[in-house]
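This report concerns only the one structure given below.
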Amino acid sequence: MSPLDTAAAHGRNARPMSRLDLTRRLVGKLSDEAVIGGIGNTNFDLWSAGRRPQNFYMLGSMGLAVPIALGVALAQPGRRVIALEGDGSILMQLGALATVARLAPKNLLIVIMDNGIYQITGGQETATAHGADIVEIARGAGIAQSRWASDEAEFERMVESALREEGPRLIAVRIDSAPGATQTERDPAQLRDRFMRAMGAKPGSGLGPA
Ligand SMILES: Cc1ncc(C[n+]2csc(CCOP(=O)(O)OP(=O)(O)O)c2C)c(N)n1
């Protein structure tokens with residue numbers, strides 16, 4: 001069985017979608033939800049989809065979007081939190097999926113953008129290009145509500161129900177190999193401060209530590 005046949009057998013969509021288009025569709029449905037963009041292209045396209053102060057842009061380390069989003073979701077159970085991560089990055093941090101399943105925050109949605117490559121470092125193939133299935137892995141880790149979105153309309157429906165109903169949930173999408181549209185501004189202190197203020201967690205904001 002070829003890698004693509006394996007993917008089809010697991011319900012993974014055959015037609016790759018655009019990360020920027022999907023990110024825009026997602027951001028278009030948001031109000032005060034927090035979004036954590038993973039390293040590189042996921043946060044470059046999050047940046048391109050609109051500069052929300054509730055967005056946190058992870059710079060530098062692979063695999064941290066889900067752990068950061070988990071922390072925010074646990075700290076603010078009244079707020080929906082979304083992690084956007086690439087396949088290479090989540091493969092580096094699979095233990096986070098088991099921790100999410102174990103702690104089971106009802107307000108957490110994980111979106112995995114699977115292009116089958118480590119795109120930003122030169123397009124080397126990841127294990128998902130050879131049969132590793134992120135949804136099967138997430139289910140095995142204990143996130144029962146894990147599914148592939150087969151097209152844009154299904155992705156939108158799945159995001160809408162994740163924003164309304166209880167999680168944790170994981171949506172995986174197969175995407176093409178278009179690079180991120182722009183680069184995130186590299187000012188980590190400002191990105192952090194803006195996000196903390198938007199979360200009401202900046203000292204002096206009244207909601208966070210004094
Ligand atoms: C811990 C760690 N290892 C390696 C790197 C180098 N690196 C940065 S981005 C990247 C590839 C990311 O791949 P993926 O998450 O699939 O996103 P894509 O580039 O395909 O959008 C690599 C290897 C890093 N930044 N951090």
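In listed order, ligands and their atoms are each counted from 1.
- A 4.5 Å side-chain heavy-atom check between E152 and R15 finds at least one atom pair inside the cut-off.
- Under the ring-ring contact (aromatic ring centres under 6.0 Å, His included) criterion, F155 pairs with no residue, sequence neighbours left out.
- Within 4.0 Å of ligand 1, contacts by protein heavy atoms are made from R19, I39, N41, G60, M62, G86, D87, G88, S89, M92, N115, I117, Y118, Q119, I120, T121.
- Looking at I171, I110, T128 one by one, the single match for side-chain contact (heavy atoms from CB on, under 4.5 Å) with I134 turns out to be T128.
- Each ring pair (Phe, Tyr, Trp, His ring centres under 6.0 Å) pair with one or both residues in residues 25-48, not counting sequence neighbours, appears once here: W47-Y57.
- The ring pair (Phe, Tyr, Trp, His ring centres under 6.0 Å) contacts involving residues 164-198 comprise F56-F195, where partners must be two or more places apart or lie in separate chains.
- Around NZ of K106, the count of heavy atoms belonging to other residues, nucleotides or ligands within 6.0 Å does not exceed 12.
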